[in-house]
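A quick write-up on the structure given underneath.
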Amino acid sequence: MKVKYKEFSGLNLPAIEKEILTKWEENDAFEKSVMLREGATPFVFYEGPPSANGMPGIHHVISRTLKDLVCRYKTMQGFQVKRKGGWDTHGLPVELGVEKMLGITKEDIGKKISVAEYNETCRKEVLKYKDKWDEITTKMGYWVDLNDPYITFDNKYIETLWWLLKRLYDKGLLYESVSIQPYSPAAGTGLSSHELNQPGTYKNVKDTSAVAMFKAVENEKSQFLFNSVINQPSPDIYFLAWTTTPWTLPSNLGLTAGPNIDYVLVKTYNPYTHLPVNVILAKALISKYFKPEGENGEFENYTENNKILPWKILAEFKGSELEGIQYEQLLSYPANSLKNILPLADEVPEPFRVLLADFVTTEDGTGIVHTAPAFGADDYKVGKKYNIGILTMVDRQGKFVDGLGEFSNRFVKNYKDEKGYEDVNVDISVKLKKENKAFKVEKYEHSYPHCWRTDKPILYYPLDAWFIKTTALKDRMVELNKTINWKPKSTGEGRFGNWLENMVDWNLSRSRYWGTPLPVWKTADGSEEKCIGSIEELISAAEEAKKLLGEAVNQHLSTADLDLHKPFVDEIVLVSESGKPMKRVPDLVDVWFDSGAMPYAQLHYPFENKDLIDAGKAFPADFIAEGVDQTRGWFYTLHALCVLLFDSVAYKTVVSNGLVLDKNGNKMSKRLGNVVDPFQTIEKFGADATRWYLITNASPWDNLKFDIGGIQEVQRKFFGTLYNTYQFFALYSNLDGFAFKEAYIPLDQRPEIDRWILSSLNSLVIRVTESMNDYEPTQAGRAIEEFVDEHLSNWYVRLCRRRFWKGEYGQDKICAYQTLYECLETVVRLMAPISPFFSDAVFHNLNAVTGRFNVESVHHTDFPKENKAAVDTLLEERMQLAQDASSLILSIRKKVNIKVRQPLQKVLIPVLNPQMKEQLLKVEDLIKSEVNVKEIEYITETEGFINKKIKPNFIALGKKLGSKMKAVTAALTAFTQNDISKFEKEGNFILQINGEPLTLNLTEVEISAEDIPGWSVASKGSLTVALDITVSDQLRKEGEAREFVNRIQNLRKDSGFEVTDRININIEENERLVNSINEYKNYICAEILADSIDFVPQILDGGTEIEINDIPLHVSVIKKS
RNA sequence: AGAUCCGUAGCUCAGCCUGGUUAGAGCACUACACUGAUAAUGUAGGGGUCAGCAGUUCAAAUCUGCUCGGGUCUACCA
């Protein structure tokens, strides 16, 4: 028996997928898909490692679908695409998870639990959900190599990181410096930004805020200001600067103004001392300190009892004019004297000057920012730029240092829960008030970050940290970024581009436990340091230390069970050039370094696989994809490290996909309970429907509103249609034994409709290929959808049904089979990257019979190549015409209530030009059979018969006419039928516009048929049809015959006859139908496979009663045995 | 606060780059039809201040500016 096309017993995607999965596993389909391309050009893909200590969510499914479909597509395009999986295993989330699990805090590490035990727990916990991840990977059909993944805690991985760090170190790009970080004096530890983002850390608190007065120094730079105060009551000028943290004032070293902000010099009185003063502040903020009625008030009669301060603007200027003006230190003590100011650069600091920076606003304060480089990141940055030095008048416990007079050793906030703590900020403000140095002191409520463990306010504090000098190669990074193909473009130019422009050095240090240790060893005095770049180097350095420093050192060191984590590496002591012992600096490396170094570390470069990187075989990546939230994460660290170390891009194309929101557009979160479980979704609807939905519903970079209903729709609409089409094909092919054994019938020997669908198919191949090459899978998917639904199923198959079940297995049938087969086979290969399961299932079924491909899976075939010769644009156009015409005629039938089975005599179609007629003629038969009409008449000479309308061709006329457009439109609207036909006959028309002649030609207008008086008419665009709705006697009879055929076919079906069974029919005599049936007997018999139709006086068992156009009729249908 | 994306029918989305006169599709809804693809299908109908305002233009969903709303990232500040 011949092999048959397997017919599905129902569209059960999850079940089909399970079968396919088994097949893939049995055949090692994934491995084979890579192996089959051995020697081919590599297409390099990097997998961004997920962290396996969290459950996979639906948002992982979208980015992995994207990655998978590109890799599958490129494989089918002939590239070899290796996909090494990986796990991100270090970092704070892991540590916090473990701490929560063990019920400990960071302080307990090393006390309640040893560092070794703690890290061991992290190591185990981090792969907690690995099984779940493997499961989702398999079930969603993500092909990635999970047998040999890279793991960031692996010694080999870390060794590469060390090698890279050393290279940075040798290039002078790794350095130690202070940075301003959130710091909790109460807990005695720095906080990561992640910790600062814990819920509840920002609290509204009331603090004493002060507007302090900084006295300007008169010299050349400030002369223009002092010129304005000559002859004024006070010769002094003060800058006003606001602070909510008066404790930072003793550390003040600068005042920062905005270069484009307008400032004013105001003559007034100090509201506390009532002394005359001149102050500078932003013009926009005058109203915050002065009442309008006080402007130009009475200065002479001012006394301390006056409620309203008189004030007067003496001068106005831009912030940029203030740059460099000096002022006197606000609060001078021995501790903050000039000699105690530490430099921020190599030169001697020049403090107490006005600086300029863009971060200054006029929303709060005075428009002049008190700048203490130690206690604010912005302050530090601008302070460094202007080299004003740094003063840190607060120690790590949060109290003032010695040598600050009455403030010495006082806590700047109540960190110790002291009873009767007196707020030092209040005392400072009081002192300023008394000394004519405060202009306004008040309580101010604002939100301020607090330590999430101690609930005490944090400070920003300078801490030692290791940095990568990314700014050194900023320009190169910007330049190389321009060569990267970003999808969408705006992320690369906007979000990422801006980020690069405003780049700061990368703070690498983390004072945690579970991470890659920084491989730097230092002597106790810090004078000598050494960076280690490999395990071998570490071992030999340790051996040397052992030799020089004695046997007690590095006793337990062995190559065999070396672990490059804390606490083991910390136990290793090295020896300096001068023979001193060196200990490792305690810092760990930011986890983002782990992932950014993944291109090299996954290959254990350069210790192994050196060639893969150096010869560019696995580097840089052709393609990566992750969520848009990785823009400043992984995308950045990959780029930064690569530019710094290899002067190259790390990836040529990057797709950043948007977020998955719930159906209402809210972010999915466990708290809201709107998280979609990907396991359930795939279990219920199948991975294919889910993938198809995720890809075609919205562009990957748009946020996706995830709606289960959408998946159901995809399943029904797209997969259901494709399924039906395949089932239809399989049903008849199996009957006819079609196995594509006959020679391929040349296109020119196939009927019009076959050539049309094949043309359409090849156009589709072109479109899909273009879209996929352009990383626009959404466009590709939608195009496939449209083809399957609109063209293949709803037109080709519908129109060709008869060809499949009617007649002998001859040329026309074979044409139909070959055509439909080719469509199915091609579509399945086109969609394989997006929906890998169902496509493979259908492919298997097809190929099992025909064996046209010598492969085990659709994923081992090549992507379809377009056959340009098959594309016939005119053909596709006229088929569209046929579809439109049919649809119009059907709508008329509907309107006048004549069913399609009732034949009608004639359709009129006005043709506007010869091309249109030519096109219509070629599809005339299609239209006629589709709408059951006997003839089509084309009318060209139409005057008096068709009403035409005319309107301007705006695109053509717009440029020519400009503002006359309106008048012309009006003139054309007023055209009579005579005007139009005159225009058509003569080819041009002279209009009078505003008394001037204006010649229009036919290409500048659009003429269309509007109406045919006395006919039933419908139109769409330039196509108009008119239907003759008269049903003559002859037509009625034919209609009845068709109706009869239909009823008998139903009976056959209801009786469960085979499609090929032959029958005999008896009809109880019926006067009204006898003529119709006899007249069309031959036709009827052929349709229903009847050998006889006889009228009998009475049917013995009564037969079956049917109705033909409301006429009851008794028949009996007997199957011939 | 800055950057960026988004806002078109009840819902999901096209159209916008390159301005052109009835703003489309699918789903849902209503009615009718079809029935040897039937867990399908066709036809028709209702449903839109294209977020708002202003500008450019003969012409704006489309270009520009501002505002509002939503998302994300970054920053958190005197």
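Computation of the quantities below employed the complete heavy-atom set of this structure, encompassing side-chain atoms and omitting hydrogens, waters and symmetry-equivalent molecules. First the proteins, then the strands, lettered A, B, ... as listed; each starts at 1.
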| message | Categorize A:Asp378 for me: base, sugar-phosphate, or nothing, with a 4.0 angstrom heavy-atom threshold over every strand shown. | response | nothing
| task | Give a yes/no answer on whether the side chain of A:Asn794 brings an N or O atom under 4.0 Å of OP1 or OP2 in B:rU41. | result | no
| request: Measure distances between side-chain N and O atoms of A:Ser793 and base N and O atoms of B:rA37, and say whether any donor-acceptor pair falls under 3.5 Å. | output: yes
| A:Lys813, NZ atom: more than 12 neighbouring heavy atoms under 6.0 Å | yes
| A:Arg801 CZ to B:rU41 C1': how many Å, rounded? | 8 Å
| Between A:Asn481 and A:Trp486, does any side-chain donor sit less than 3.5 Å from a side-chain acceptor? | yes
| remark: Heavy-atom nearest nucleotide on RNA chain B taken for A:Val369 and for A:Val797; more 5' hit belongs to A:Val797
| field | Phosphate OP1/OP2 of B:rA28: any A:Arg716 side-chain N/O under 4.0 Å | value | yes
| message | What is the distance, to the nearest angstrom, from the OH atom on A:Tyr732 to the C1' atom on B:rG36? | response | 5 Å
| Tell me: CG of A:Leu972 to C1' of B:rU21, nearest whole Å? | 13 Å
| field | Protein-nucleotide distance (A:Glu776, atom CD; B:rC13, atom P), rounded to Å | value | 16 Å
| Is a side-chain donor-acceptor pair under 3.5 Å present for A:Tyr460 with A:Asp378? | no
| message | If I take atom CZ in residue A:Phe718 and atom P in nucleotide B:rA39, what distance separates them, rounded to the nearest angstrom? | response | 20 Å
| request: Establish, from distance only, whether the side-chain atoms of A:Thr696 and A:Thr778 form a donor-acceptor pair under 3.5 Å. | output: no
| Is it the case that A:Asn734 and A:Glu7 place a side-chain donor and acceptor less than 3.5 Å from each other? | yes
| message | Quick check for you: to the nearest 0.5 Å, what is the distance between A:Leu432 atom CG and A:Lys440 atom NZ? | response | 16.0 Å
| query | Of all the base pairs, Watson-Crick or G-U under 3.5 Å, which form stems of three or more consecutive pairs involving RNA chain B? | reply | B:1-7 with B:68-74, B:10-13 with B:24-27, B:29-33 with B:41-45, B:51-55 with B:63-67
| said: Rounded to whole Å, please give me the gap between CD in A:Gln902 and C1' in B:rU43. | reply: 18 Å
| message | Which residues pass the side chain to side chain donor-acceptor pair (under 3.5 Å) test with A:Tyr380, not counting sequence neighbours? | response | none
| message | Quick check: on RNA chain B, is the nucleotide nearest A:Thr245 upstream (toward 5') of the one nearest A:Asn724, or the reverse? Name the residue that is more 5'. | response | A:Asn724
| Euclidean distance for C1', B:rA33 against B:rU38 (whole angstrom) | 15 Å
| request: To the nearest Å, give me how far apart CG (A:Leu799) and C1' (B:rG36) are. | output: 16 Å
| query | Whole-Å distance between B:rC34 P and A:Arg1047 CZ? | reply | 8 Å
